[in-house]
Amino acid sequence: MVLYEEKYTVKTIVWTSIIAGLVITTSSIAVLSSVPKTETLWPIILIDALVILPVIFLLAIMTRFEVKIDEKTLSFGYPPIIVRIPLEQIDNVTFTKVGFLSSGGIGIRLSSGGGWNYVTFWGDLARVEWSNGRRHGFSVKNPEEVKRILGKLLGKDKILEDYSKR
């Protein structure tokens, strides 16, 4: 049974995707129009396929985000890139605030403290430390409700607050 769930569209990534698409289209047209018609275009097409298309694919994936807590698992991420953490493997969950400088932006980011952060907006972030020293962080819209539910499932001693980074 699902005890908590957030599903939403990440509007910042949607706008970033639209702007990136426009920039890529404009630059491709500029490059193609400047290349003499006698030149073969396969290197340009190969570069587009190997570099630009995966970026567009990742931006398209990162337009949806979900957080789900059930009796056995905490899961979060950008479908189909979902992190699933069994509750019995969680050492602690720290709730904190993140901004541009502390998160490095929006999307899947390598955390300065180690591990990966899934950031959809600047504000509340839950950082999970779990088995073998692994760490993951994720944006959460309703931190009080998540604290309450995880406190019941894990024990209140495993729920920490670190709002020193405001």
Are [X] and [Y] packed together at the side-chain level, in the sense that at least one heavy-atom pair is separated by less than 4.5 angstrom?
X: V146; Y: V140; answer: yes
X: V98; Y: R109; answer: no
X: I61; Y: P80; answer: yes
X: I159; Y: N92; answer: no

Classify the ring geometry of F65 against Y78: parallel below 30°, tilted from 30° to 60°, perpendicular beyond 60°.
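Rings of F65 and Y78: perpendicular, over 60°.
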Plane angle bin for W130 and H136 - parallel if under 30°, tilted between 30 and 60°, otherwise perpendicular
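H136 vs W130 ring planes: tilted.
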Looking at CG of D162 and CZ of R127, how far apart are the two atoms once the value is rounded to the nearest 0.5 Å?
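So the CG of D162 and the CZ of R127 are separated by 7.5 Å.
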List in chain and number order the residues that pass side-chain contact (heavy atoms from CB on, under 4.5 Å) with R148, two or more places apart in sequence or in another chain; answer none if no residue qualifies.
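R148: side-chain contact (heavy atoms from CB on, under 4.5 Å) contacts with E145, K152.
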Residue list, side-chain contact (heavy atoms from CB on, under 4.5 Å) with K7, at least two apart or on another chain
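For K7, the residues satisfying side-chain contact (heavy atoms from CB on, under 4.5 Å) (neighbours in sequence not counted) are E5, E66.
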N/O donor-acceptor pair under 3.5 Å between D70 side chain and K72 backbone
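Pair found, side chain donor or acceptor close to backbone of K72.
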With a 3.5 Å distance limit and no angle check, can you tell me whether E161 reaches the backbone of T96 through a side-chain donor-acceptor pair?
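Side chain of E161 to backbone of T96: no pair is present.
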Between F76 and F138, does the ring centre distance come in under 6.0 Å?
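For F76 and F138, the ring centres are under 6.0 Å apart.
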So which atom in I82 and which in S75 form the shortest heavy-atom distance, rounded to 0.1 Å?
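Answer, listing the atom of I82 first, then S75: CG2-CB, 3.9 Å.
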Answer yes or no: is there an ion pair linking D124 with K141, defined by an N-O contact shorter than 4.0 Å?
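Looking at K141 together with D124, the answer is no, because their closest N to O distance does not fall below 4.0 Å.
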Report yes or no: is the cationic atom of K68 (NZ for Lys, CZ for Arg) under 6.0 Å from the centre of the six-membered ring of Y4, at an angle within 45° of the ring normal?
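No, a cation-pi geometry is absent between K68 and Y4.
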